[in-house]
Amino acid sequence: MAGNRTVLVPLESWAYSSPELMLSGRQIDIGLFAEALIYYDTVLVNPSNQYQLADFISWFIRQGSLNDFYMLLNEGNLKIYEYSFISTAIEKDGEYSLWNIQDTLQAKKDSFEERFLYHSSIEELFSKSRQRKYLYSAFRDNVIEVKSDDFGSAIENARADFKDPRRNSLIVQSFIDEIYRIKNFGRPPQVATTISDSPCGTKQTLSFNVNFEELNKIAGGQINFHKATPLTASAHSNRLIWSASTIKSDLFLPRPMGSLVGDKLYESKERITKSGSIIEELKEVVEFPDVRGLVNSNKLSLKDILLIRKKAKKFRHWLQQENGRDRDALIAYHNEVAKEIGLIVGARKALSIFGVIGGSVVGVAVAAQAGDTMGAITGSAAAYLADVGSKIGKDWKPVIFGDWLRTRIEKVIADDE
């Protein structure tokens, strides 16, 4: 899956992924998938549960495009990536802890068909047994199931972040920034976090200069933002990075998740590796329709997306280049394709990408002072940073579609040194 041909897309809308859609009652960001399909040969979509997968398939059915859905699966352009466990923060007696939770059926190898496709929400879409059998056949060999055991260091690193006041501030700040942007509230408050030890030294208490109950009211009750939400967001960010680094894919992320992923990638590279500056940003406004927004507002259909995809081979070729990428060329490609398809003349889209988007990069190495220790504790929080950091620019040159504020994490790194 190397060569920037494959991208992982989380479908779920929640506090840290497309919260504006959650506010409107939508549980998945179908527009994110549609936009990713234009830029990548293969899109791995991640539904968090059976209802989200049913919603995803329903989008194709409502347009009379179920055959196109099967075509995308059969040709390898669409695959399912499924976490066969739940990463979530749990509260007990006012204390929070982070866990990967997996039941016996989830732990079972190749159980996706049984857990998802036999579910009532999916079966209701296909009334005839013949239709369901065809569905099962189409999904076989097009599902990647990952289990809890493979994500131990990712969850440990998220737990370590929970003890870091600066990381907590970054995570909460990214949510507040997004809510203020969505609701046009102007300049958001700046988050500060402190951690105090209990008298016996066995517990730590996080204190924020913002009120979480007030934040939840401002965000909207549908989002249900609470004290455990940032901890869960940290876990989801870590597992997305771990997945992408393992399968050597790119990431296509909504706000504010892109921010968390960018911060963690940069931290992995800066703290653990001696690799030079390889995490770069590309932020430009291009003459191109906002595909994601238009699909989510039902103004573009799958047929439109497949037409744009056909015309946009230049986008995919640009991403797959190994020996440097001309940024001006990408902007020009957008302008050319927009004219060719004749959709929304004069439309302008903000293009936000980060990752290894410059020239080719010499392989990186784990810093000498960290190598022996971190290599020995493979399940630890530090090992997660070491492993991810050592892959960046070496056998994994990720491109991330999403918003990221580099200067923010640079300040965190500088303050810690």
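Source: prediction; values computed, not measured. All values below come from the heavy atoms of this structure, side chains included, with hydrogens, waters and symmetry mates left out.
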- Query: With a cut-off of under 6.0 Å to the ring centre and 45° to the axis, is Arg187 in cation-pi contact with Tyr180?
  - Reply: no
- Task: For residues Phe401 and Leu253, determine if any side-chain heavy atom of one lies less than 4.5 Å from a side-chain heavy atom of the other.
- Result: no
- Is a side-chain donor-acceptor pair under 3.5 Å present for Ser84 with Glu82? yes
- Query: Is it true that Glu91 and Lys227 have a side-chain N and a carboxylate O under 4.0 angstrom from each other?
  - Reply: no
- Message: List the residues meeting side chain to side chain donor-acceptor pair (under 3.5 Å) with Thr42, not counting sequence neighbours, and say none if there are none.
- Response: none
- Can we call the ring centroids of Phe139 and Tyr70 under 6.0 Å apart? no
- Query: Would Arg255 and Ser352 count as having a side-chain donor-acceptor pair, cut-off 3.5 Å?
  - Reply: no
- Query: Heavy-atom distance under 4.5 Å between the side chains of Tyr134 and Phe126, does that happen here?
  - Reply: no
- Message: Is a donor from one side chain sitting under 3.5 angstrom from an acceptor on the other, for Asp177 and Ser174?
- Response: no
- Partners of Lys217 by side chain to side chain donor-acceptor pair (under 3.5 Å), sequence neighbours excluded? none
- Look at the rings of Phe252 and Tyr39 and say which category their plane angle falls in: under 30° parallel, 30 to 60° tilted, over 60° perpendicular. tilted
- Establish, from distance only, whether the side-chain atoms of Asn168 and Lys163 form a donor-acceptor pair under 3.5 Å. no
- Between the side chains of Arg62 and Asn298, is a donor N or O closer than 3.5 angstrom to an acceptor N or O? no
- Rounded distance [0.5 Å steps], CD1 in Ile308 versus CD in Glu35: 9.5 Å
- Task: Decide, yes or no, whether a salt bridge links Glu95 with Lys92 under the criterion of side-chain N to carboxylate O below 4.0 Å.
- Result: no
- To the nearest 0.5 angstrom, please state how far the CG atom of Leu351 sits from the CD1 atom of Ile331. 8.0 Å
- Aromatic ring proximity Tyr384/Trp242, centre distance under 6.0 Å: yes
- Query: Going by atom types alone, do Asn209 and Gln190 pair a side-chain donor with an acceptor below 3.5 Å?
  - Reply: no
- Query: Parallel, tilted or perpendicular: which describes the rings of Tyr81 and Tyr83, with under 30° parallel and over 60° perpendicular?
  - Reply: perpendicular
- Task: Could you tell me whether the side chains of Ser48 and Glu12 share a donor-acceptor contact shorter than 3.5 Å?
- Result: yes
- Query: Are side-chain heavy atoms of Thr229 and Tyr16 found at a separation under 4.5 Å?
  - Reply: yes
- Query: When rounded to the nearest 0.5 angstrom, what distance separates CG in Leu23 from NZ in Lys183?
  - Reply: 5.5 Å
- Query: Any salt bridge between Glu75 and Arg309, counting N to O under 4.0 Å?
  - Reply: no
- Task: Taking only Lys NZ, Arg NE, NH1 and NH2, and the carboxylate oxygens of Asp or Glu, determine whether Glu114 and Lys108 approach each other closer than 4.0 Å.
- Result: yes
- Query: With under 30° as parallel and over 60° as perpendicular, where do the rings of Phe69 and Phe56 fit, or are they tilted in between?
  - Reply: perpendicular
- Query: Is atom NZ of Lys147 surrounded by more than 12 heavy atoms (other residues, nucleotides or ligands) closer than 6.0 Å?
  - Reply: yes
- Message: Is any side-chain heavy atom of Leu44 closer than 4.5 Å to one of Ile80?
- Response: no
- Item | Test item: side-chain donor near acceptor, Ser13 and Arg26, under 3.5 Å | no
- Task: Could you check Val9, Leu11, Val295, Leu21 and say which one makes a side-chain contact (heavy atoms from CB on, under 4.5 Å) with Asp29?
- Result: Leu21
- Task: Identify whether the distance between the nearest side-chain nitrogen and carboxylate oxygen of Glu280 and Arg327 falls below 4.0 Å.
- Result: yes
- Would Tyr136 and Tyr118 count as a close aromatic pair, with their ring centres under 6.0 Å? yes
- Message: Measuring only between side-chain heavy atoms, which start at C-beta, is Asp263 closer than 4.5 Å to Ile171?
- Response: no
- Assign the ring pair His119 / Tyr51 to parallel, tilted or perpendicular, where the plane angle (0 to 90°) is split at 30° and 60°. perpendicular
